[in-house]
Protein chains: 2
Amino acid sequence: MPVWQQIAEELRAGITDGSLPPGTRLPTEADLTERYQVARNTARQAISALVNEGLVIAARPRGYFVRDRRPLEYRPQQEFRPRPLSPEMDVFLAEHSATGREPMQTIEVAIVEPPTDVKRRLRLADGEFTVVRRRVRYLDGEPYNTNDSYFPLSLAQDSEIMRPDDIARGANQVLAEKGFLQVRALDEIYVRMPTPIETQRLQLGPGTPVAYHVVTGFTEDGRPIRVVLNVLPGDRHVIAFERLRLPSDPAEAP
Amino acid sequence: MPVWQQIAEELRAGITDGSLPPGTRLPTEADLTERYQVARNTARQAISALVNEGLVIAARPRGYFVRDRRPLEYRPQQEFRPRPLSPEMDVFLAEHSATGREPMQTIEVAIVEPPTDVKRRLRLADGEFTVVRRRVRYLDGEPYNTNDSYFPLSLAQDSEIMRPDDIARGANQVLAEKGFLQVRALDEIYVRMPTPIETQRLQLGPGTPVAYHVVTGFTEDGRPIRVVLNVLPGDRHVIAFERLRLPSDPAEAP
DNA sequence: TAGTGGTCTAGACCACCTA
DNA sequence: AGGTGGTCTAGACCACTAC
């Protein structure tokens, strides 16, 4: 095993077995260089592996620190659940103001030609446009996730969806009032490393993967009316949902 | 912007815009060293960033190659769905043999003291034991995911669950026949970089995050009877599920 | 302003696989 | 056998920020 991996392994062991609890300062590069009698680059390579795994964070010039991770719950299902409504406050804001954290979101609305994955899911023809509501959500000033909702222009036009404000009753309610009630949603979750743009928008540290959560909403007759692209930093979320056995289901499992 | 990031950015752009399609060979380190007039380590740092992002793979000594990624569908919901049963074949095997891929799994059964997260979810006291069925699933010879199912020893004892074989009708059916019908499941999905053990067990390349999918199954009266820990490599899966609007739900959305 | 990590250079030797 | 990436050394200068 290469020297740098041995060094990394010793530090990793300390982190996982609790002898280096979150917040602990790691030895400096100079310390490691001397302790293991290696070149500085070798010590750096060891630490950089830990940084890439998301275990350690560099806080220049104070040194490297063991990272503290405490994910939040993220429930795709809340969409179909009753919720306490505060006037002028949407789901995200309402949910988290209860837990004592300071929620905030930026909203930006634009009319755009949709990206290909959105286009396909909304079954749009070439040249058809969409309305996109781009939101970045913050909790206690830290970016929490991004949420880009796409609607066919024909459905969203001249509705509250076009206004860059919170929609307290939710965009789906707006669509429902126009005759498009969403009764089914398809969720897809991809797990990958972030793009540089996502890294910037969400202020991600190195070694932080993201969940890319795509929701497609359908009406009763199977028409897609809404696609949401969520980007959830892995170190800040647990995705949770619940499944109930339907009366028609057999009693089986993998 | 540091030189190595500029180099990485140019290569990344080529990969994402399609001018460097999957399978393409990247310039060698020597090429980059000369083209950008930098030291070899600088070129290496650029490429290593791409490797860490999972975009590129090193195939020594042939060079670096643009990675090909084609995820498979993973549906937690299949558990509550009717499925075509082939005798002696469990869900995983039955599902994928249809698609022309070669499924295979290794099964290992053990009686263990459960890890703390399992213990908590099964509400076990100290010293209580569990039966764990550890499976590694392969498709066309490549590891696909791991699936460790934990059952309270008292429930699984003296049942087929203890035998290291496929259970064609599913472990849940076995439990149901003993009077423990699972009617509800709680899913939690964590996104993170793999541990070294997971890296080894799933033969993960660098820069491959995993989804850690925990399922807790409950009976009608809320007793937890089963915890499943799935580890899904991000480059090999899409997690997909569907949500239906219940009659009692309001017509709302985030 | 001292000390930290961030970047970069210029060399060296090695293991491994493909041709 | 030759070329590839993998590892490592020994230096250098810089930017940032806590003190």
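Throughout, a chain's letter reflects where its sequence line sits, starting with A, and its residues are numbered from 1.
Side-chain contact check for B/L32 versus B/V38: every heavy-atom pair is 4.5 Å or farther apart. Looking only at side-chain heavy atoms (C-beta outward), A/V56 and A/I15 come within less than 4.5 Å of each other.
Place B/N41 and B/A59 on DNA chain D by their nearest nucleotides, and B/A59 ends up nearer the 5' end.
Among the nucleotides D/dG6, C/dT4, C/dG6, the one closest to the side chain of A/E29 is C/dG6. Picking from D/dT9, D/dT7, C/dC8 the nucleotide with the shortest atom distance to the side chain of A/A39 gives D/dT9.
Side chains of A/Q105 and A/Y144: a donor-acceptor N/O pair is absent below 3.5 angstrom, by distance only.
In summary, B/R35 and B/E10 do not engage in a salt bridge, as defined by a charged side-chain N under 4.0 Å from a carboxylate O.
For the side chain to side chain donor-acceptor pair (under 3.5 Å) test, residues two or more places apart in sequence or in another chain that qualify with B/R12 are B/E9, B/E53.
Note: CD1 (B/I57) to C1' (D/dG6) measures 15 Å, nearest angstrom. Atom P of nucleotide D/dT7 and atom CD of B/Q45 are separated by 15 Å, given to the nearest angstrom. Rounded to an integer number of Å, the gap from A/L32 CG to C/dT4 C1' is 13 Å.
Residue B/T28 places none of its side-chain N or O atoms closer than 4.0 Å to OP1 or OP2 of D/dG3. In this model, the phosphate group of C/dG6 is approached by a side-chain N or O of A/Y64 to a distance below 4.0 Å at OP1 or OP2. Taking side-chain N and O atoms only, A/R44 has no distance below 4.0 Å to OP1 or OP2 of C/dG5.
In this structure, B/E34 places its CD atom where only 12 or fewer heavy-atom neighbours from other residues, nucleotides or ligands lie under 6.0 Å away.
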Completion exercise
Per-nt protein contacts along nucleotides 13-19 of chain C (heavy atom under 4.0 Å; B base, S backbone sugar-phosphate only, - none) come out as --BSBS-
